[in-house]
Structures are given as C-alpha cells and as structure tokens.
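Report on the following structure.
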There are 2 protein chains.
Amino acid sequence: MTEQIEAPRRTPLNRVRVLEAAVSLADDVGIESLSMRRLAQQLGVVPMALYKHVANKDELLDGMVDVIVGEIDPPARGPGWKDAVRLRILSARQALLRHPWARQVVESRTSRSPAVLEYMDDFIGMFLAGGFSVDLTHHVMHALGSRMWGFTQELFDDAGSHEAEADVTPEAQAAMFQEMSRRYPNILQVAMAARHDDRSVVGQGCDDQFEFEFALDLLLDGFERLQEQGWDSTQAKLGRP
Amino acid sequence: MTEQIEAPRRTPLNRVRVLEAAVSLADDVGIESLSMRRLAQQLGVVPMALYKHVANKDELLDGMVDVIVGEIDPPARGPGWKDAVRLRILSARQALLRHPWARQVVESRTSRSPAVLEYMDDFIGMFLAGGFSVDLTHHVMHALGSRMWGFTQELFDDAGSHEAEADVTPEAQAAMFQEMSRRYPNILQVAMAARHDDRSVVGQGCDDQFEFEFALDLLLDGFERLQEQGWDSTQAKLGRP
DNA sequence: ACCTGAACACCGTTCAAGT
DNA sequence: ACCTGAACACCGTTCAAGT
C-alpha cells in the first residue's frame, strides 16, 4: 500500500486570518453578500470550521470592527485636546472610508469589544487631559456620538441618480424636475446651490469631507466654549425645568 | 349541489394594511424577526400575496419608515426657527422611541421616499424662513444629520449588564471591575460620575433625553451664531487651505 | 387573467455519525 | 477526541402550473 502523502498543509486557520479574510471579502463583494458559508468557501474550508474561531456571525462582525479600529492611528501626543481629538477622528474617517461597509456595521453593533472600549477610553482621556471636567466630558462624548467614527449621516445618497442617465428621456427628466420643484422646493433650492459650488456636490455618493469637518468643528467649538465657561450639568438642569 | 358559501371575506389587503401590520409586527417581535413569510402569516395570506403591494422587502422597510414619519407632528407655525426645529425634532424623537427598531431601519435606508423628502423639505424651509442663507442651510442640514430623526448614537448600550446579575459571583464582579479600571480608567471615571448623577444613568439601555437635548442645543446654538455672523462657505473654504 | 403552491438558491447553526 | 457532512429551520423571490 502506498503511503498517502499529506496534501500540502493549508496555513492553519486562526482568528486573525478569519477576520482579515472577512474584511477583504466584504470589501470585495459588499457586506450584504458576506455570509459564513461564502467566507468559508473563500478560505477553502467547510463552514463549520469558522465556528472554531468565532462563536457566531455577530462575533465575526464585532471582530471585523476590531480590525478597522486597528487601522486608526494612535492618539497624537503633542497637541492640545482640540487638535488631538480632531486628528484622531479624521484618522478614523480615513480608515472607515477604506471599507464602504464599515459605517453600517459600526452603527449596528450593540456590544463594545475591548478594542472599541480602548478607542473610547482614549477619547475620554484626551478631553480630561485638556482640562474638561468628568461631567462635561460625559456629555461631550454623547454629543460626539457616531461622529467619533468619522462619519456623518448622508443626506442624499443618490437621490435622482437612480437610473437617470440612460433610460429616462429628457422630457421625463424635465417632468421629474418640475415635480420636484413643486413638491420639494426647499430641497431643490439647496441642491441647486450646492451644485454651483465648486467643491461639494450633493449626491456624489460619499460623505463629503467639507461637510464632515464643518459639523465636527461646530461641535468642537461648542465644547471649547462650554469648557471655558465652566459648564456644569447640575446647573444646566436647574436652569431648565 | 349545495352552493359553496364564500368564507367570510377578509378585509382585502392593501398597501396601508400591509405596512401597518409590518410596523406592529416589528414592534412585537423585533425587526430581526420580521420576515415576509412571517408577516404574511400574521395577515393570514400566502407570502406571495404581499408582493402585490410591495415590490420587495426593501420597499416594505421604506414603507414602514413612512408610517413612522406620518406619526411625527407637523411643523409648528408660530415660533422662530430655533423652537420650530427643536419641537419638530423632539416630536420625531417621540415617534421613533415608540418603535424600538425604527432607528436602525431609518439609518439603513439609502433611498428617500416622498414622505422622507417632505420631512426634509420642511426642515430646510424652517431654516430658510428663519433668515438662513441657502448656503448655510445646506451645511447646517449636514451637521444635523441623523439627529434630525431625534436620536443620538448610544455610547454604552448595555456594557456590563450582559449577564451581570444572576450568574456572576461578587468575586467575579470585583475582578471585572478591577480589570475595567486598569484597562479603561477614563471610561470608568465617567461612568462612575454619571451613576452618581440623579437623572442620567449610563447604560440604561435607552437614549437619554438630557444627552439628546444637550447635543441638539449645542448644535442649534452653533447654527445661530454662524447665522448672526453671516457665515459663508466660500469664506470658510478660503480661510482653511 | 389571475392566483399560488412548489421550487430555487440561498442563510446561520446544530448535531449525530464517522474516523 | 476530534472533525464534518448532512440536516434543520429558516430566508427572499421566481415561476410554472392550476383554476
């Protein structure tokens, strides 16, 4: 009997390999097409093999968020709190933008992994180091919310660009435009003005950098003002019935 | 042959009935358990029957958002822009809080239904009526983002309350606490302070009203300041390289 | 012409049977 | 003791066959 030669050993599966494969598969095929079965196939293993390394699909998604958090630059040491916070958020933004599915997944997670907790702990630390009271820091973190991850809710994802180009006749487009201007005159006004603007285009499908920084700086300036005023939540609560 | 008596006619299905049934089914069993099949069963029809009234599941979800938008109070007529915006957002918040799944679904939608467009058009109209330039209004809408719907990202959903009560021994709890204070000292500090606070408790599982209004008012005050200063995006862009 | 049962092509996860 | 193929209990959606 010929002794059976072992097939060339696949580099053995481990958690990191599984998570990284999941991230790049989601990058390639989209998060909605990422399934345990498809991921297993990509890795050349039977679906069940994945369950050795992640308890279930939710844990897989948590792990994928951790991979992304790992791509965010560590907190800058030099500058004051405002620049430190700003830089870290903009770095998070770059990491998130690299993975189109990330925003949705980050938003949908309810539990916080150690990596996420550490990320948040760093933020809190930056405010405290900047002289913010624990009280103000608490509320400021809530106000920051998901902007901590470097994204803003899209206002118009692709309103209008549905199948606009090819199929629709100019007449139909004109009719749609008329209907829009009748029903949503304000949206139209804003959209038109934005289109004339050189830098930002409504509906370009991607979170615009200027909009993001506008909102972020508005918040940071607000935080700064409150801190300088010695804002205190107990006072604020007394002031408002 | 006895003439077959028609079974008592079900009130015939229509789009509104389907959507309302979907909303209350999601209220009851959670959005993750809402399926076309289960909804059909609830309505006493075959799954295929639903496809007469909604093209597919995505359109069903869009329609469910419309039902919720319909629950939001119409814009107030009397007050200035700031109170008008504030009231409408807090009304949206009430509607969204009535349906635990709504936040997630609103966030996940990429297309905007007529009802949603109208809701946004109203907001834009409030700012314009308040003397905001089209330009500033545009950026302000982006800054408002998903806060337009009356929710903020949860910071801590139920971190720690996982299975804390029953199963875990006091010793294990103490150990976990120590581990937390070592790894996430800043989070702990903020969490402890918040727990002493009479009104807000971190991790109470629901978006806290005070946090929401804090962040909202910070933004509204910021908007007001910019408007009074005659803020202009072209200037802002020149000022920043 | 209309309606719908059965089928298709998937899921995530369990579990018992095989080595 | 370990591994995994088959199975379970679902999905959303298509489509052809039946009335």
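Order of the sequence lines fixes the chain letters, A, B, ..., with proteins taken first and strands second; residue numbering starts at 1 for each chain.
For the P atom pair drawn from D:dA7 and C:dT19, the interatomic distance equals 16 Å after rounding to whole Å.
Between B:R182 and B:E179 there is a salt bridge, since a side-chain N of the basic residue sits under 4.0 Å from a carboxylate O of the acidic one.
Counting only residues at least two apart or on different chains, no ring pair (Phe, Tyr, Trp, His ring centres under 6.0 Å) pair has a member in residues 31-57 of chain B. Listed by first and then second residue, the salt bridge (charged side-chain N to carboxylate O under 4.0 Å, His left out) pairs that reach into residues 49-58 of chain A are A:D58-A:R109, sequence neighbours excluded. The salt bridge (charged side-chain N to carboxylate O under 4.0 Å, His left out) contacts involving residues 30-48 of chain B comprise nothing, where partners must be two or more places apart or lie in separate chains.
Atom CD1 of B:I31 and atom CG of B:L25 lie 9.0 Å apart (nearest 0.5 Å).
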Bracket notation of DNA chain D in which parentheses pair within the strand, [ ] cross earlier pairs, and | pairs with another strand (Watson-Crick or G-U, under 3.5 Å):
||.|||||...|||||.||
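Taking the six-membered ring for Trp and the full ring otherwise, A:F123 and A:F127 have centroids separated by 6.0 Å or more. Between A:H142 and B:F210, the distance separating the two ring centers is not shorter than 6.0 angstrom.
Between B:H99 and B:W101, the angle of the ring planes lies from 30° to 60°, which puts this pair in the tilted group.
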At under 4.0 Å between heavy atoms, which parts of nucleotides 8-19 of chain D does protein reach? Answer with one letter per nucleotide, 5' to 3': B base, S sugar-phosphate only, - none.
---BBBBB----
Mind running salt bridge (Lys or Arg N to Asp or Glu O under 4.0 Å) on A:R93 and A:E213 for me, showing each step along the way?
CA-CA 11 Å; A:R93 179 175 171 79; A:E213 296 189 23; over 6 Å; no
Under the salt bridge (Lys or Arg N to Asp or Glu O under 4.0 Å) rule, what do B:R15 and B:E59 come out as? Steps first, then yes or no, please.
CA-CA 11 Å; B:R15 192 163 208 273; B:E59 204 187 286; 2.9 Å; yes
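Contact check of residues 19-31 of chain B against DNA chain C (heavy atom, cut-off under 4.0 Å) returns no residues at all.
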